[in-house]
Amino acid sequence: MFKPDLLRGKRVLVTGGGTGLGLAMGQRFLELGASLAICGRREAVLKAAAEDLSRSAPGRVAWHVCDIRDAAAVEAMLEALWRDGPLDALVNNAAGNFIARTEELSPRAIDAVLGIVLHGSAYVTTGCGKRWLAEGRKASVLSIVTTYAWTGSAYVVPSAMAKAGVLAMTRSLAVEWGGRGIRLNAIAPGPFPTLGAWERLVPRADLARRFETKNPLSRPGRHEELADLACFLLSDNAGYINGEVVTIDGGEWLQGAGQFNFLAELSEADWRALKPKKG
Ligand code: HXC
Ligand code: NAP
């Protein structure tokens, strides 16, 4: 789909890049010539992922243990990364989430999700941004949000609040920093099965299929579909796309929104009976 050197020369940091969608995006960035840095809290996970990724891209993968909720740790990671040269792109992918009845959430539970998604994304974005602005460097930020960043969603309220904030950050900084060469965009995925998300968000095995197929295409997303979209948005070919959120959900959220979409339930006979009688 892309020229094999689409991302050659770009150095990309993917937060939470050791697992799931972050790992899938990192793999594809490497295939298209980028250098990659990944971070997360679990050293063993990052080390294993980096070893795996390095097999096909030797010398182009770095990893850093970093809890992005900790602003000082983020600053230390960025200092270390910049010692080897500047980054060209950031993917805000790290997230925390679980389903719960909101009235049962403790303050620590709310803080856990807001800390990772809202504060963490802000720390990494501003940390990179101030360096790029000081250097006069062109760069790009891509944040992985969700469609409930604008619809809201029951049972994942801290996540919805935080993702809405990340989307607001994306649109705000696209204007504030766009004129100085920094583009910010977001991707809103529908269901893309990953271990991290499914073990926290799918409460019963029998609900997994429903979650994965409640969209017009009746299937979940494939990791490579999301990874290709991320490559395009980070590439120079997307140089005029700034402040945008691209939904990749098979039409899931629109299906839930359209007032008459439930009429897919009507039978052939129902539709025939609705036609005006001729003559
Ligand atoms: C209620 C919960 C809870 C749950 C944790 N808590 N899980 N409360 N229901 N299921 C509460 C704890 O009791 C504690 O509060 C507080 O949250 C912090 O919990 P810890 O386990 O100490 O936190 P921590 O180790 O920092 O872990 C953070 C986490 C965890 C967010 C809770 O799930 C995590 O590490 N997640 C990272 C990966 C992840 O979430 N991936 C999925 C992303 S998917 P108290 O008061 O008891 O101390 C995604 C998809 C969106 O975002 C859209 C899908 C379509
Ligand atoms: P995942 O595999 O659980 O990925 C989350 C990653 O974030 C993990 O690698 C985790 O590593 C890292 N992380 C969590 N807290 C962190 C912290 N404090 N500091 C640094 N890293 C941290 O889940 P996923 O499904 O791939 O999700 C990836 C992104 O896609 C998330 O932004 C999610 O909201 C979004 N998304 C996913 C779906 C889906 O269907 N899968 C749908 C919509 C949006 P550690 O635990 O080692 O820190």
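Note that these values count all heavy atoms, side chains included, but never hydrogens, waters or copies made by symmetry. Residues take their numbers from the sequence shown, with the count starting at 1. All ligand and atom numbering here is 1-based and tracks the order in the structure.
Proximity of R69 to ligand 1, defined as any heavy-atom pair under 4.0 Å, is confined to the side chain (atoms from C-beta onward). Only the side chain of S106 comes within 4.0 Å of ligand 1, counting heavy atoms alone; its backbone N, CA, C and O stay farther away. Counting heavy atoms under 4.0 Å from ligand 2, residue N93 touches it through both backbone and side chain.
For atom 41 (N) of ligand 1, the candidate residues are K163, R101, R200, E199; the nearest heavy-atom contact is made by R200. Nearest-residue assignment for atom 5 (C) of ligand 2 (options A49, G196, A73, A95; heavy-atom criterion): A95. Counting only non-hydrogen atoms, the option in V145, I248, V166 that gets closest to atom 36 (N) of ligand 2 is V145. Which of T194, L195, I38 comes nearest to atom 24 (P) of ligand 2 through a heavy atom is settled by distance: it is T194.
Those atoms of ligand 2 that come under 4.0 Å of a heavy atom in G16, given as number and element, are 6 (C), 7 (O), 9 (O), 12 (C). Applying the 4.0 Å criterion to heavy atoms of D67 picks out, from ligand 2, the atoms 17 (C), 18 (N), 19 (N). Ligand-side atoms of ligand 1 in range of L201: 50 (C), 54 (C), range being under 4.0 angstrom from any heavy atom. The K163 neighbourhood of ligand 2 comprises atoms 31 (C), 32 (O), 33 (C), 34 (O), with distances under 4.0 Å to a heavy atom of that residue.
Here the two rings, on Y148 and W253, have centers that are 6.0 Å apart or farther.
In this structure, the side chain of N215 does not engage the main chain of G251 through any donor-acceptor pair within 3.5 Å.
Nearest protein neighbour of atom 41 (N) of ligand 2, counting heavy atoms only, is F192 O, 2.9 Å. With hydrogens left out, the protein atom closest to atom 46 (O) of ligand 2 is R41 NH2, 2.9 Å, a heavy atom. In this structure, atom 26 (O) of ligand 2 lies nearest to the protein heavy atom L21 N, 2.8 Å.
For ligand 1, none of its N or O atoms has an N or O atom of T146 under 3.5 Å away. For ligand 1, none of its N or O atoms has an N or O atom of S159 under 3.5 Å away.
W63 and E51 form no side-chain donor-acceptor contact under 3.5 Å, judged by distance and modelled atom types alone.
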